[in-house]
Amino acid sequence: MHRTRTALIAGASGLVGSHLLRMLLQSDRYSQVISVGRRELAIIHPKLDQQIVDFDHLKKSAPELAAEDVFFCLGTTIKKAGTKEAFYKVDHTYVTQLAEITLRRNASQFLVVSSMGADAGSRVFYNRVKGEMERDVRALGFQSLHIFRPALLLGERDEHRTGEEIGARIMKPLSKIMFGPLRRYRPIQAETVANAMLRVAAQDLKTDKVYLSDEIERLGH
């Protein structure tokens, strides 16, 4: 029987994070689940410890952010953030700061949702920010780093993202004819991504790995 562990999740109210939180609370692997967010979730569970934080002053909460396995599912869009600077703060700065804080608190695994096309050298701002985030988290030196690059995410959101909704309507019919190398561009259910993250964490691999969407699909089923 393995020793139970503590999981920490950022972005538990989001599309992937809401599924992952449910799975973490159900898992026998974890005796405690710390949710880090700006607002309290409408969930009560004996395992759940909700830490309400100001992400702009995350270091003030550092003593409470101790976990072996850290899952980062928080993300936004440039439209929702309002400016490129605000988007960078959420999708780069918050990620790297939480990674650094939890590593210092002896986290052994960091699992993060990035994006298909992430590339620190990209001319596309969104892809470049995601790539820089991956690069800077990797530089911290986790024993185990798992980066998930899903294609277009499917699922019920609390918020409307018009561009993604249109993309989903276009891509879902096309996915039936996307085979071979094109499989990684198929839309993917958020629940599948969450399940893949949980399964990867359970393997306790000492590795630094990027998972493309087609591999996430296989792992999550």
Side-chain angles (χ1 to χ4, degrees), residues 9-11 14-17 19-20 55 69-100 102-103 107 109-155 157 161 163-164 166-168 170-171 175 178 180-201 205 207-220:
I9 178 172
L15 190 56
V16 174
H19 290 291
L20 183 56
F55 279 96
D69 297 349
V70 180
F71 301 85
F72 200 101
C73 307
L74 181 65
T76 189
T77 63
I78 297 174
K79 181 178 180 180
K80 183 180 179 183
T83 64
K84 287 184 175 181
E85 292 75 15
F87 171 78
Y88 185 91
K89 182 189 293 187
V90 174
D91 280 59
H92 178 280
T93 306
Y94 291 169
V95 189
T96 54
Q97 286 187 354
L98 184 65
E100 183 177 7
T102 54
L103 181 59
Q109 295 199 88
F110 194 85
L111 303 94
V112 58
V113 179
S114 182
S115 177
M116 182 178 67
D119 179 358
S122 177
R123 293 183 179 181
V124 178
F125 178 75
Y126 181 91
N127 292 346
R128 185 168 68 250
V129 172
K130 292 293 189 180
E132 290 177 359
M133 176 275 290
E134 293 183 9
R135 177 198 65 199
D136 294 343
V137 171
R138 182 172 287 116
L140 295 173
F142 275 92
Q143 291 180 30
S144 181
L145 174 62
H146 302 282
I147 297 169
F148 296 81
R149 294 181 184 170
L152 182 66
L153 291 169
L154 302 177
R157 293 184 184 272
R161 293 188 179 183
E164 293 182 11
I166 293 172
I170 295 171
M171 292 298 293
S175 67
M178 298 172 77
L182 294 177
R183 289 182 66 90
R184 69 185 54 174
Y185 300 105
R186 288 181 176 181
I188 186 170
Q189 291 290 336
E191 187 173 10
T192 301
V193 179
N195 199 35
M197 295 178 78
L198 188 66
R199 288 183 175 179
V200 167
L205 300 173
T207 187
D208 177 336
K209 186 171 180 180
V210 172
Y211 302 82
L212 300 182
S213 204
D214 53 341
E215 185 173 5
I216 297 171
E217 186 81 46
R218 291 195 300 271
L219 287 166

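Residue numbers start at 1 and run along the sequence shown.
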Subject >> Shortest non-hydrogen contact between A118 and G131, atoms and distance >> reply: CB-N, 3.9 Å

Subject >> From L153, L74, T192, residue fulfilling side-chain contact (heavy atoms from CB on, under 4.5 Å) relative to V16 >> reply: L153

**OP:** Give me the ring orientation class for H146 and F148: parallel if the planes are under 30° apart, tilted from 30 to 60°, perpendicular past 60°.
**Re:** tilted

**OP:** Step by step, work out the side-chain contact (heavy atoms from CB on, under 4.5 Å) result for Q189 and H19.
**Re:** CA-CA 10 Å; Q189 291 290 336; H19 290 291; over 6 Å; no

Subject >> Gap between atom CD1 of I147 and atom NZ of K209 - 0.5 Å precision >> reply: 12.0 Å

Original post:
Could you state the interatomic distance from CG (N127) to CD (E132), rounded to the nearest 0.5 Å?
Top reply: 11.5 Å

Original post:
So, do K89 and F55 sit near enough that their side-chain heavy atoms are less than 4.5 Å apart?
Top reply: no

Original post:
Do M133 and V129 have side chains that get closer than 4.5 Å, going by heavy atoms?
Top reply: no

Original post:
Nearest heavy-atom pair of G17 and I9: which atoms, and what distance?
Top reply: O-CD1, 3.6 Å

Subject >> Heavy-atom pair with the smallest gap, counting every atom of E215 and V210 >> reply: OE1-O, 4.3 Å

Subject >> Between CD on residue E134 and OG1 on residue T96, distance to nearest 0.5 Å >> reply: 13.0 Å

Subject >> Salt bridge R186-D214, side-chain N to carboxylate O under 4.0 Å >> reply: no

Subject >> Spacing of L111 atom CG and Y211 atom OH [to the nearest 0.5 Å] >> reply: 7.5 Å

Original post:
What's the shortest heavy-atom distance between V90 and V95, and which atoms?
Top reply: O-CG2, 3.9 Å

**OP:** Step by step, work out the side-chain contact (heavy atoms from CB on, under 4.5 Å) result for S213 and M116.
**Re:** CA-CA 7 Å; S213 204; M116 182 178 67; 5.5 Å; no

Original post:
Do R128 side-chain atoms and S122 backbone N/O form a donor-acceptor pair below 3.5 Å?
Top reply: yes

Original post:
Which atom names give the shortest non-hydrogen contact between P150 and V193, and what distance separates them?
Top reply: CB-CG2, 4.0 Å

Subject >> From CZ (F71) to CG (L198), nearest 0.5 Å >> reply: 6.0 Å

Original post:
Between P187 and E217, which heavy-atom pair has the shortest distance, and what is it?
Top reply: O-OE1, 4.4 Å

Original post:
Does the ring center of Y94 lie less than 6.0 Å from the ring center of F72?
Top reply: no

Subject >> Spacing of CZ belonging to F87 relative to NE2 belonging to H92, to within rounding of 0.5 Å >> reply: 11.0 Å

Original post:
With no hydrogens and no angle check, is any side-chain donor or acceptor of D91 less than 3.5 Å from a backbone partner on K130?
Top reply: no

